[in-house]
10 protein chains.
Amino acid sequence: MQRTDVTEMIMTAKIRKDIKWCDVAAQVGLSKEWVTAGCLGQMTFDARQAAIVGEVFGLPEEAVLLLQQVPYRGSLPTAVPTDPLIYRFYELVSVYGTTFKALIHEEFGDGIMSAIDFRMDMQREPDPAGDRVSITMSGKFLPYKTY
Amino acid sequence: MQRTDVTEMIMTAKIRKDIKWCDVAAQVGLSKEWVTAGCLGQMTFDARQAAIVGEVFGLPEEAVLLLQQVPYRGSLPTAVPTDPLIYRFYELVSVYGTTFKALIHEEFGDGIMSAIDFRMDMQREPDPAGDRVSITMSGKFLPYKTY
Amino acid sequence: MQRTDVTEMIMTAKIRKDIKWCDVAAQVGLSKEWVTAGCLGQMTFDARQAAIVGEVFGLPEEAVLLLQQVPYRGSLPTAVPTDPLIYRFYELVSVYGTTFKALIHEEFGDGIMSAIDFRMDMQREPDPAGDRVSITMSGKFLPYKTY
Amino acid sequence: MQRTDVTEMIMTAKIRKDIKWCDVAAQVGLSKEWVTAGCLGQMTFDARQAAIVGEVFGLPEEAVLLLQQVPYRGSLPTAVPTDPLIYRFYELVSVYGTTFKALIHEEFGDGIMSAIDFRMDMQREPDPAGDRVSITMSGKFLPYKTY
Amino acid sequence: MQRTDVTEMIMTAKIRKDIKWCDVAAQVGLSKEWVTAGCLGQMTFDARQAAIVGEVFGLPEEAVLLLQQVPYRGSLPTAVPTDPLIYRFYELVSVYGTTFKALIHEEFGDGIMSAIDFRMDMQREPDPAGDRVSITMSGKFLPYKTY
Amino acid sequence: MQRTDVTEMIMTAKIRKDIKWCDVAAQVGLSKEWVTAGCLGQMTFDARQAAIVGEVFGLPEEAVLLLQQVPYRGSLPTAVPTDPLIYRFYELVSVYGTTFKALIHEEFGDGIMSAIDFRMDMQREPDPAGDRVSITMSGKFLPYKTY
Amino acid sequence: MQRTDVTEMIMTAKIRKDIKWCDVAAQVGLSKEWVTAGCLGQMTFDARQAAIVGEVFGLPEEAVLLLQQVPYRGSLPTAVPTDPLIYRFYELVSVYGTTFKALIHEEFGDGIMSAIDFRMDMQREPDPAGDRVSITMSGKFLPYKTY
Amino acid sequence: MQRTDVTEMIMTAKIRKDIKWCDVAAQVGLSKEWVTAGCLGQMTFDARQAAIVGEVFGLPEEAVLLLQQVPYRGSLPTAVPTDPLIYRFYELVSVYGTTFKALIHEEFGDGIMSAIDFRMDMQREPDPAGDRVSITMSGKFLPYKTY
Amino acid sequence: MQRTDVTEMIMTAKIRKDIKWCDVAAQVGLSKEWVTAGCLGQMTFDARQAAIVGEVFGLPEEAVLLLQQVPYRGSLPTAVPTDPLIYRFYELVSVYGTTFKALIHEEFGDGIMSAIDFRMDMQREPDPAGDRVSITMSGKFLPYKTY
Amino acid sequence: MQRTDVTEMIMTAKIRKDIKWCDVAAQVGLSKEWVTAGCLGQMTFDARQAAIVGEVFGLPEEAVLLLQQVPYRGSLPTAVPTDPLIYRFYELVSVYGTTFKALIHEEFGDGIMSAIDFRMDMQREPDPAGDRVSITMSGKFLPYKTY
């Protein structure tokens with residue numbers, strides 16, 4: 001059994017039992033963004049969290065152990081994603097990549113936004129012209145240092 | 001002369017004259033995110049905006065005309081970016097891509113977040129453990145329709 | 001079981017029972033284009049539609065549930081398609097891509113044709129020199145906005 | 001001088017003289033789709049057509065000769081296009097590719113839609129919910145033959 | 001069961017029963033080139049032909065049905081073939097590709113040689129310096145048309 | 001100056017002087033296929049042949065010397081060709097590759113068709129349903145040997 | 001069963017029975033280079049040779065038949081090999097490729113070294129500074145011909 | 001000026017002055033294989049050697065300095081070479097790669113053949129059936145060590 | 001059974017039995033870096049070492065034999081790694097690659113750092129600003145030689 | 001002028017004036033590793049440092065300004081490096097990548113080694129069996145956090 005098998009078990013159970021990601025998150029006691037990423041094989045649960053996830057989805061013991069292992073990250077089958085929803089985020093990186101770079105360097109100097117010390121929040125933003133997806137990302141600025 | 005030549009002229013003038021993106025944006029009267037993307041060859045300026053940008057950076061007339069043409073978008077030289085700052089955003093798509101997809105579908109049903117009817121705001125988020133980069137993205141939800 | 005397994009079940013049943021896509025579409029009450037794309041794993045059926053598809057092809061209950069899940073889209077095994085019929089469409093994008101771009105921008109200004117708020121119709125066009133395939137695509141124009 | 005140089009000359013002249021593709025097409029006496037594709041280096045003009053194009057854009061004699069040569073086709077710099085407008089067409093091939101295949105084979109049997117004996121028409125389709133881009137493609141069906 | 005499974009069944013039976021492609025072709029009553037391509041999953045058999053192929057190789061009923069379905073074409077595992085025999089043909093396209101283009105355009109004007117309305121014949125050409133492989137290809141010329 | 005520069009000189013002169021490949025071949029005294037491939041940078045001319053080619057196209061002395069150097073072969077800018085005419089030949093390799101292999105092995109045993117000891121002839125094949133391109137390839141069979 | 005399955009059987013048997021490649025070669029009566037390549041799925045055995053290989057490794061009858069089929073050649077899972085030993089040979093092609101070309105053309109004129117009419121010998125070369133791997137390759141020179 | 005410019009200068013001078021690689025090697029006092037690789041930008045000359053090479057080809061002083069710099073190695077424009085002569089060596093790696101690995105490990109244990117402590121000799125091998133290219137490679141065996 | 005199966009067995013046993021890499025290394029009597037690489041399928045164990053590893057992880061006999069075979073090295077599924085931890089090392093090669101080259105050549109002259117005669121040590125480096133990962137690599141310098 | 005032009009100027013001046021990286025570093029007052037990376041276009045100098053570098057290499061004023069701009073990082077022309085020295089580091093990532101991951105996770109838990117808050121030291125390690133390259137890397141451990 002590998003972590004990808006656990007992800008598939010979770011997806012199947014989710015469909016069969018009609019479980020919502022936000023409810024799993026509430027039971028785990030963390031954000032829906034982090035918990036969903038974990039269920040999809042991208043984060044490491046601790047023993048207590050893994051036990052809850054295991055119970056919610058009815059996972060076997062070995063799967064619960066695997067949820068506590070650091071996964072080999074990367075959730076997409078191709079370097080350029082084919083799924084339209086995910087591609088739009090890739091497109092934002094392609095179109096706005098140099099803009100991110102220019103503005104962060106102007107504000108902070110040389111360095112990067114951490115993708116590790118990072119949190120994210122996704123909300124529905126009501127709008128009369130059609131509701132919007134609102135995503136707020138917050139990553140620690142890490143300066144390049146001389147040595 | 002092509003749009004990429006205009007971008008290089010802007011970058012050179014920016015260094016020589018020590019111009020800040022946020023000041024250009026203030027003069028154009030729009031957000032720093034959109035104006036910077038435009039200066040980097042990813043957005044289309046109207047005549048008034050292009051004239052301001054042309055004056056700020058001291059661009060020749062043909063360059064000002066080119067700023068008003070719709071560009072061939074895509075700001076990066078490779079499909080997987082090599083620059084660490086930009087790569088971190090690619091990494092977020094790679095790690096969180098299926099999470100974006102799962103949560104947006106749970107909240108909105110089948111569809112995507114538009115990368116066209118889209119706006120973005122980048123701010124410094126003060127933090128005692130080290131300031132953070134905060135990026136808020138807002139894109140209209142576009143539902144898939146049956147027909 | 002994954003959505004690709006459901007697609008394979010549908011294909012096998014289609015051959016065994018000699019089912020026509022246009023008949024499935026008629027039973028579902030939607031266009032043959034959308035229903036076929038759904039059966040091939042690219043669209044999401046609602047409960048009523050999935051039940052009909054499940055009955056037509058004799059699918060197990062779990063498959064009917066999977067038809068109601070948003071799929072990871074992308075129907076082709078390689079970035080450049082090898083199948084001659086599908087390659088011709090890729091060739092049209094390669095040859096006419098900049099023409100699409102030039103004419104849409106001339107008519108509408110900067111923006112894109114939506115591939116989400118989109119519908120398509122495929123018909124046989126009788127022609128004495130050999131019948132023709134006629135495809136009409138209609139996608140909402142989405143303008144880029146300044147902010 | 002190569003055909004790509006001619007395309008660049010045409011683009012520069014178009015911006016400087018504010019020429020519209022539909023006006024060039026009217027002068028040439030053919031559809032805007034075919035003429036634009038030709039100006040963008042994808043079609044071969046005959047002597048009369050090339051002379052008109054040359055006059056409209058003020059091209060040198062050698063460029064007018066090059067417009068009459070069969071070009072090496074392919075208008076895009078990467079196999080997966082980065083420009084959002086053109087990518088949406090690539091996405092349609094990716095998502096609907098197997099659907100095109102299934103429906104054409106159901107209607108016509110084994111064969112392809114020609115991308116050579118092909119014509120295309122792009123129109124604005126007024127719609128209260130936002131105007132739409134309407135593209136009609138017509139390609140001769142070419143059956144595979146046994147031998 | 002998929003078409004690739006049928007191809008593998010055919011290959012196994014061919015080895016076990018020591019069947020020759022030219023004998024299968026004789027029984028089907030068509031050229032060895034077309035019949036072999038069909039057995040290798042690249043062509044569509046009609047009911048009568050499929051029945052013969054099924055009998056020759058001892059295929060199950062479902063395989064015989066699959067032989068009558070239009071396949072997803074493309075017989076090679078990589079874009080650049082690794083097998084030396086097949087690579088030599090790829091090399092000919094690489095080395096002679098622009099020559100094919102130049103000579104066909106000189107003789108016929110702008111257009112292509114059809115790979116659909118196409119037939120091929122492979123023969124042994126006796127030669128005192130070592131026998132030669134002789135391949136004659138014939139494809140309909142399809143002219144590009146203005147519209 | 002490199003061989004690719006010589007090819008570009010030849011192409012420009014050909015257009016300006018309206019030279020035909022078959023006429024160049026006649027003057028050189030060899031087939032139009034080999035001579036065209038040579039002019040396009042894929043074959044090595046001897047001193048006499050290079051002198052003739054140089055005179056026909058009005059090449060400078062250094063170019064005539066370069067025509068006598070063995071070139072770095074490969075005439076296409078991408079591994080999968082984008083030009084429709086050349087792509088059709090790539091498609092034939094993709095679709096018929098395993099068929100070439102199967103039939104050549106059946107006839108000759110293990111080995112390959114040489115792409116070096118090779119000749120090719122391209123002819124127009126008149127046909128009431130539309131003229132055809134006929135290409136005859138002849139390559140020496142080279143057997144794999146045990147040792 | 002496919003040839004790759006036969007290769008895996010051979011590898012497993014080799015480990016279990018502690019068989020040496022040079023001993024297999026001695027029993028077959030050919031060089032260790034050719035026999036090993038054959039056992040690894042790259043060469044075609046005749047009936048007698050296949051029977052010996054089958055006996056040595058304890059292969060089932062179908063595997064012995066498959067050893068007599070011409071394989072789809074190419075022994076590596078990626079275009080650029082990841083295994084350090086094999087990569088060093090790829091590196092030699094990358095670094096010395098143009099040198100091979102320059103020297104062979106200087107000595108022989110235009111043509112290639114055959115990889116089909118080819119033999120290879122690998123020996124240990126004792127050296128006080130550390131023993132060396134000595135590989136001698138011999139391939140027939142095949143001249144390009146005019147026609 | 002970069003090393004690739006020096007390589008191009010050498011190639012041009014070689015053609016103009018009709019210089020032979022073996023004569024350059026003789027003047028430098030080293031093997032034709034190493035000297036040619038150096039002239040083609042893959043090896044580092046010392047001051048004396050560079051002066052000789054500079055004199056033979058009539059290089060400017062800066063080029064002679066560049067010959068003494070360690071180059072960024074890799075002589076081929078693509079990962080899979082398109083030139084037939086060089087491709088045959090790539091093909092040998094592809095077909096015989098696992099054989100090299102198997103035989104070297106059988107003889108030496110785990111380790112590699114060095115491509116750095118390496119020498120090569122290329123000779124014409126007269127043969128009544130057609131002369132052969134004989135290449136002898138000798139690389140130090142480097143064992144993997146435990147630690 | 002293949003070496004990758006052995007790696008998977010080891011990973012599963014490690015999770016189930018909560019084994020630490022450093023404890024395995026202690027039992028084998030070698031560094032944790034080399035032993036872990038071996039357990040992950042990248043190094044060759046001798047009989048004694050393999051027996052210990054087999055006992056620790058409870059491996060079947062055939063797996064213990066496979067641990068003593070030289071593996072096909074390369075531990076990553078893609079050329080550019082997607083896992084953030086491993087990507088950072090790839091990023092170091094991308095950013096510092098030419099620096100490694102410049103400094104090693106300045107210190108040692110032309111040659112490379114061996115990745116075979118190589119050892120590595122990974123330690124925790126306590127730091128009040130956050131502990132650090134410290135990796136020391138030591139590889140024999142191998143000079144390029146003239147011949 | 002772009003940063004890559006500055007890098008080329010520096011390389012040319014370095015050769016002409018025979019400057020050593022370690023001497024530049026001493027003048028800048030920082031490590032040779034960081035200063036060399038900066039000169040090769042991968043790090044950002046402050047005004048004082050840039051002035052020193054400019055003086056050492058005799059750079060024009062605009063180049064000195066460019067040294068103070070954050071560069072688009074990535075020093076290699078291909079995703080898999082072709083230069084043997086640099087490839088060996090890529091090979092270490094390929095072979096030891098999962099080992100780095102396993103050991104860092106065992107010691108620190110889930111997180112990464114920073115490539116930004118990072119320093120490196122390269123030394124010659126004398127060894128009677130041949131001197132060694134010793135590289136010590138130190139990167140801050142960044143833990144993944146729940147949120």
Side-chain angles (χ1 to χ4, degrees), chain E residues 20-22 32-33 36-37 39-42 73-76 79-81 83-86 88-108 111-115 117-118 120 122-125 127 129-142, chain F residues 20-22 32-33 36-37 39-42 73-76 79-81 83-86 88-108 111-115 117-118 120 122-125 127 129-142:
Chain E
K20 287 207 169 310
W21 296 118
C22 55
K32 67 182 180 306
E33 289 77 13
T36 305
C39 290
L40 294 174
Q42 305 298 316
R73 288 178 168 92
S75 67
L76 305 177
V80 178
D83 184 81
L85 181 141
I86 299 175
R88 296 308 181 272
F89 291 94
Y90 178 83
E91 185 175 303
L92 290 174
V93 177
S94 173
V95 171
Y96 279 104
T98 51
T99 298
F100 290 148
K101 186 171 171 66
L103 291 176
I104 291 176
H105 292 330
E106 179 161 304
E107 177 65 33
F108 291 91
I112 65 161
M113 181 186 85
S114 182
D117 187 338
F118 174 85
M120 182 179 68
M122 199 275 289
Q123 297 294 341
R124 177 189 282 259
E125 183 186 330
D127 189 307
D131 284 5
R132 301 176 74 85
V133 180
S134 175
I135 294 175
T136 303
M137 296 170 161
S138 164
K140 189 178 178 182
F141 178 72
L142 304 179
Chain F
K20 286 206 169 312
W21 297 118
C22 54
K32 66 182 181 305
E33 288 77 14
T36 305
C39 290
L40 295 173
Q42 304 299 314
R73 289 177 168 92
S75 69
L76 304 178
V80 177
D83 184 81
L85 183 141
I86 299 174
R88 295 311 181 271
F89 290 93
Y90 177 82
E91 185 175 303
L92 290 174
V93 177
S94 172
V95 170
Y96 280 104
T98 50
T99 299
F100 290 148
K101 186 170 171 68
L103 292 176
I104 292 175
H105 292 331
E106 180 161 305
E107 178 63 34
F108 291 90
I112 65 158
M113 180 186 86
S114 181
D117 187 338
F118 176 84
M120 181 179 68
M122 200 275 290
Q123 297 295 340
R124 177 189 281 260
E125 181 186 333
D127 189 306
D131 285 5
R132 301 176 74 85
V133 180
S134 177
I135 293 175
T136 302
M137 297 170 160
S138 164
K140 189 177 179 182
F141 178 74
L142 305 178

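Only heavy atoms go into these numbers, but all of them, side chains included; no hydrogens, no water, no symmetry mates.
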Query raised in the report: Which heavy atom of E:Val80 sits nearest a heavy atom of F:Ala79, and at what distance?
Result: CG2-CB, 4.3 Å
Query raised in the report: Between E:Gly97 and F:Ser75, what is the shortest heavy-atom contact and its length?
Result: N-OG, 3.9 Å
Query raised in the report: For F:Ala37 and E:Thr99, which heavy atoms make the closest approach, and how far apart are they?
Result: CA-OG1, 3.1 Å
Query raised in the report: Is a side-chain donor or acceptor of E:Arg88 paired with a backbone partner of F:Ile112 at a separation under 3.5 angstrom?
Result: no
Report summary line: Rounded to the nearest 0.5 angstrom, the CZ-CG distance for E:Phe141 and F:Leu85 is 8.0 Å
Requested in this report: Answer yes or no for E:Arg124 and F:Phe108: cation-pi contact, defined as NZ/CZ to six-membered ring centre under 6.0 Å and angle to ring axis within 45°.
Outcome: yes
Requested in this report: Could you look at E:Cys22 and say if it's the side chain, the backbone, both or neither that has a heavy atom under 4.5 Å from chain F?
Outcome: both
Query - chain F contact via E:Asp117 - side chain, backbone, both or neither, heavy atoms under 4.5 Å - result: both
Report task. For E:Ser94 and F:Gly74, work out which heavy atoms get closest and say how close. Result -> OG-CA, 3.6 Å
Report task. Can you tell which part of F:Asp131 gets under 4.5 Å to a heavy atom of chain E, answering side chain, backbone, both or neither? Result -> both
Query raised in the report: Checking F:Leu92 against chain E: side chain, backbone, both or neither under 4.5 Å from a heavy atom?
Result: side chain
**Report entry** Sidechain-backbone polar pair: E:Lys140 side chain, F:Ala129 backbone, donor-acceptor under 3.5 Å
**Finding:** yes
Query raised in the report: Which answer fits F:Glu91, side chain, backbone, both or neither, if we ask what part of it has an atom under 4.5 Å from a heavy atom of chain E?
Result: side chain
Query raised in the report: Of the non-hydrogen atoms in F:Thr136 and E:Ser134, which two are nearest, and what is the gap between them?
Result: CG2-OG, 4.1 Å
Query raised in the report: Hey, is the main chain of E:Val95 close enough, under 3.5 Å, to the side chain of F:Arg73 for a donor-acceptor pair?
Result: no
Query raised in the report: Hey, does the side chain of E:Glu106 reach the backbone of F:Trp21 with a donor-acceptor pair shorter than 3.5 angstrom?
Result: yes
Report summary line: Of the listed F:Lys32, F:Gln123, F:Met120, F:Gln42, the one with the largest count of heavy-atom pairs under 4.5 Å with chain E is F:Gln42
Query raised in the report: What part of F:Met113 gets closer than 4.5 Å to chain E, counting heavy atoms only: side chain, backbone, both or neither?
Result: both
Query raised in the report: About how many Å separate OG1 of F:Thr36 and OH of E:Tyr96, when rounded to the nearest 0.5 Å?
Result: 10.0 Å
Report task. Taking all non-hydrogen atoms of both residues into account, name the closest pair between F:Val93 and E:Leu76 and its distance. Result -> O-CD1, 3.6 Å
Query raised in the report: Distance from E:Leu103 atom CG to F:Lys20 atom NZ, nearest 0.5 Å?
Result: 11.0 Å
Query - Atom pair CD1 (F:Ile104) and CD1 (E:Ile135), whose distance is rounded to the nearest 0.5 Å - result: 5.0 Å
Requested in this report: Could you tell me which of F:Cys39, F:Ser114, F:Ala115 has the largest number of non-hydrogen atom pairs under 4.5 Å with chain E?
Outcome: F:Ala115
